[in-house]
Amino acid sequence: MSTSGTHEVLNQSTPWFGANLFDGNRAMQDALAFHLPAHDATRLAALGCEAGSAELQTHARLANLHKPQLRSHDRFGHRVDLVEFHPSYHVLLGAALRHGLHGTPWQRGPGAHIERAAAFMLFTELEPSVLCPVSMTYAVTPTLRANPALYAAWGAGLAATQYDPHFAPASGKSALTVGMGMTEKQGGSDVRANTTAAVFDGDTPWGRAYRLTGHKWFMSAPMCDAFLVLAQAPGGLSCFFVPRWRPDGSVNPIRIQRLKDKLGNHANASSEVEFDGQTSAWLVGDEGRGVPQILAMGALTRLDCALGTAGLMRQALTLAIHHTRERWAFGKRLAEQPLMKNVLADLAIESEAATALALRLARAIDASEKDSAAPGRARVDPGHEAVMRRVLTPIAKFWICKRGAAFSQEAMECLGGNGYVEEGGEGVMARIYREMPLNSIWEGAGNIMALDLLRALRSADVAAALAQELAPARGEHAAFDRLADTLPLRIDGGTDEAQARSLVRDIALLVQAALLRQHSTDAVFGAFCSSRLASAADVFGLLPAGAPFDALIERALPH
Ligand SMILES: Cc1cc2nc3c(=O)[nH]c(=O)nc-3n(C[C@H](O)[C@H](O)[C@H](O)COP(=O)(O)OP(=O)(O)OC[C@H]3O[C@@H](n4cnc5c(N)ncnc54)[C@H](O)[C@@H]3O)c2cc1C
């Protein structure tokens, strides 16, 4: 207990450090046991221990406090286009690569995408913004296969686990990262509006080379070793590989104009760049195929938006529970006050539902990427999983990310005034709150996700696939059955664009409920259905009288 000359500091909660984030996460463990029954949790437990440590959490604070700095020129006036990061950023990115959160699942066996998804969530509880280049590297790796020569040269580096922070040619580095450049000033969601132009420059060992002229209005993690960039070629919008160093050892001119001054996501650099007509680029896939290729990459980063938000929710919940169990008001611990119990229990349900839906999507991706009959994974139906992958990507990205922002506000409020205070980066809750809206905006903002679901409905028999997905919870709760009964007409009969959000929400809630039925407790399933399916999800803390508050909170306890 610390003292000053005027008063003792009393009744403040202690810092939250040192817990194993995996061991304390019952919801994640149960979901993994369902999707990967024979899973060996050694790697996740090791990551959980590291991610919760005071040492790495301190690096997270420092990496956010000391924002990256652009060095556009050296002192002699030469352009250098470098971004300098605090050493803590490199420690964190090194840890993420060491745990194989980037390109490694593409080289591992069945279940690798599910395990990586859980690891990604755990790492988010440490620091989400360094995961931006990690996520992009994960997403671009399969797309790069469309240029076999490039994949042969870069594929192993994108999966290598020894991070190398140097600005140097790829051939001399122990591991590589790749970013993405789609968004331009005149169009982000509508990438067809891209004006960056690609002019053919000759055939090379990496295939067809081009020169780019144009700009990108957002290009995050500009110190990645290369970028996948959309540009207009003679054959239409195409996907290009743009390395920071050319294969001849010269620096490829990628002019970093500015770094964005962002609300949150402070440890990560997001830049505006220009390509000056001399920027070298190599075609990936065919000319004119840029949009489908970007969509394939975008689908994987959308998974990470859902995972990242679920991870942040879990972190915010942990901080809320920890604080309210140590803080007293009106004669009781806050966590013992009936209305606070309702809030905490409701947040716990939301956090578990987000974890469940995000991991379900990861399983669909895993099942459609690998031999579905492989041992160590629950039996899967590859056709069903392919439909789920297509449909659940926009649903999970939309719903989890939308709920994330409201969730972090409520969790912050559990800490009272302290929740709102930054205090030199120690205010983790404030950091979470600033980070939350980002996952909803980038890689397809909310409306774009809702509209994408409407497109997905036209591509397969989604009503039948959803009926199969929801079957395990049929007959278990009247509100569930009532809402599920509305789906076939809304899906097959067509949903108006203006109603797309409500369809996304309802499918998200039903899939979450069905998952909770299968790998959570009766208490969680029942409370979820009665609070979210019987009436629209609203502010948190509206669980009905008689809800098993203690059991719900007990399940979510972080230790
Ligand atoms: C921190 C940060 C980092 C980023 N990093 C990258 C990066 O590395 N690479 C990259 O390429 N991009 C990056 N982006 C850009 C991001 O992906 C875009 O901002 C996003 O896709 C939205 O595009 P926009 O900003 O052009 O908004 P707009 O496309 O103008 O959209 C604005 C709003 O209109 C809505 N809208 C659009 N069309 C419709 C429609 N038909 N019907 C209804 N509503 C619609 C959208 O949902 C959105 O809410 C980053 C953004 C941020 C904030």
Side-chain angles (χ1 to χ4, degrees), residues 64 67-68 83 128-140 143 177-196 212 214-231 237 239-242 244 254 256-275 290-291 293-302 304-305 308-309 394 397-399 401-402 405 431 434-455 495-504:
N64 279 278
K67 295 183 194 177
V83 178
S129 45
V130 302
L131 289 176
C132 171
V134 171
S135 177
M136 293 192 289
T137 305
Y138 171 66
V140 302
T143 300
T177 54
V178 181
M180 293 181 189
M182 282 100 79
T183 309
E184 297 187 4
K185 294 187 187 78
Q186 70 285 356
S189 308
D190 187 2
V191 291
R192 294 166 308 177
N194 273 199
T195 58
T196 294
L212 300 186
H215 79 282
K216 293 294 161 185
W217 184 231
F218 279 94
M219 202 170 88
S220 287
M223 293 308 286
C224 282
D225 298 288
F227 303 86
L228 279 197
V229 164
L230 274 185
L237 198 59
C239 192
F240 291 95
F241 184 77
V242 182
R244 292 237 34 198
I254 298 172
I256 305 175
Q257 303 294 90
R258 292 197 282 186
L259 297 188
K260 299 288 192 187
D261 185 7
K262 298 176 286 186
L263 170 67
N265 194 249
H266 287 163
N268 182 30
S270 299
S271 65
E272 298 165 17
V273 300
E274 290 193 357
F275 309 125
V291 170
Q293 283 175 303
I294 285 293
L295 287 178
M297 289 189 291
L300 293 166
T301 43
R302 286 166 189 173
D304 283 359
C305 291
T309 305
K397 161 77 160 81
F398 176 90
W399 186 244
C401 297
K402 283 284 170 226
R431 203 163 78 212
R434 286 187 278 98
E435 187 77 16
M436 276 294 196
L438 177 55
N439 278 337
S440 193
I441 292 173
W442 69 5
E443 298 302 344
N447 286 352
I448 298 302
M449 291 301 92
L451 296 174
D452 188 49
L453 174 68
L454 295 190
R455 254 192 313 282
T495 289
D496 193 67
E497 266 195 26
Q499 297 308 312
R501 281 183 178 225
S502 82
L503 182 62
V504 180

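All residue numbers in this chain count up from 1 along the given sequence. One-based numbering, in listed order, for ligands and for the atoms of each.
Going from atom SG of Cys305 over to atom CG of Leu300 covers 11.0 Å, rounded to the nearest 0.5 Å. Separating the CG atom in Leu453 from the NZ atom in Lys397 is a distance of 14.0 Å, to the nearest 0.5 Å. From Lys260, atom NZ reaches atom CG of Leu263 across 14.0 Å, with rounding to the nearest 0.5 Å. To the nearest 0.5 Å, the span separating OG1 on Thr143 from CE on Met297 amounts to 5.0 Å.
The closest protein non-hydrogen atom to atom 17 (O) of ligand 1 is Glu443 N, 3.4 Å. Regarding atom 30 (O) of ligand 1, its nearest protein heavy-atom neighbour is Ser189 OG, 4.9 Å. For atom 11 (O) of ligand 1, the nearest non-hydrogen atom of the protein is Met182 N, 2.8 Å. Protein heavy atom nearest atom 13 (C) of ligand 1, with residue, atom name and distance: Phe218 CB, 3.3 Å. In terms of protein heavy-atom proximity, atom 43 (C) of ligand 1 is nearest to Asn447 ND2, 3.5 Å. Considering only non-hydrogen protein atoms, atom 37 (C) of ligand 1 sits nearest to Ile448 CD1, 3.6 Å. Looking at atom 49 (O) of ligand 1, its nearest protein heavy atom turns out to be Ala445 CB, 3.8 Å. Here the protein heavy atom with the shortest distance to atom 53 (C) of ligand 1 is Leu438 CD1, 3.6 Å.
Within the 4.5 Å cutoff, the side chain of Ile254 has heavy atoms near those of the Val242 side chain. Between Ile256 and Pro222, the closest side-chain pair of non-hydrogen atoms falls below 4.5 Å.
Within the 4.0 angstrom cut-off, atom 1 (C) of ligand 1 has one or more protein heavy-atom neighbours. The protein reaches atom 23 (O) of ligand 1 closely, with a heavy atom under 4.0 angstrom from it. Atom 32 (C) of ligand 1 is not flagged as protein-proximal [any protein heavy atom, distance under 4.0 Å]. Within a 4.0 Å radius of atom 26 (O) of ligand 1, the protein has at least one heavy atom. There is a protein heavy atom less than 4.0 angstrom from atom 9 (N) of ligand 1.
Gln257 and Ser271 are not linked by any side-chain donor-acceptor pair at a separation below 3.5 angstrom, with hydrogens and angles left out of the test. For the 3.5 Å distance criterion, the side chains of Asn265 and Arg434 fail to qualify, holding no donor opposite an acceptor. Of the N and O atoms on the side chains of Ser270 and Lys262, at least one donor lies less than 3.5 Å from an acceptor on the other residue. In this structure, a donor-acceptor pair under 3.5 Å is absent between the side chains of Glu435 and Ser129.
Distances between N or O atoms of Asn265 and those of ligand 1 include no value under 3.5 Å. Between Lys262 and ligand 1, no N or O atom pair is found at a separation short of 3.5 Å.
Only backbone heavy atoms of Met219 (N, CA, C or O) come within less than 4.0 Å of ligand 1; its side chain stays farther off.
Salt bridge status for Glu443 with Arg302: absent, with no side-chain N to carboxylate O gap under 4.0 Å. Taking a cutoff of 4.0 Å between a charged side-chain nitrogen and a carboxylate oxygen, Glu272 and Lys216 do not qualify as a salt bridge.
Counting the atoms of ligand 1 from 1 in the order shown, those under 4.0 Å from a heavy atom of Ser220 are 3 (C), 4 (C), 5 (N), 6 (C), 7 (C), 8 (O). Counting atoms of ligand 1 from 1 in the listed order, those under 4.0 Å from a heavy atom of Ser270 are 1 (C), 3 (C). Heavy-atom proximity to Ile441, at under 4.0 Å, picks out these atoms of ligand 1: 20 (C).
Assignment of Gly179 to the shell around ligand 1 is not supported, since no heavy atom sits closer than 4.0 Å. Residue contacts with ligand 1 include Leu451, since one or more of its heavy atoms lies under 4.0 Å from the ligand.
In this structure, the side chain of Thr196 engages the main chain of His215 through a donor-acceptor pair within 3.5 Å.
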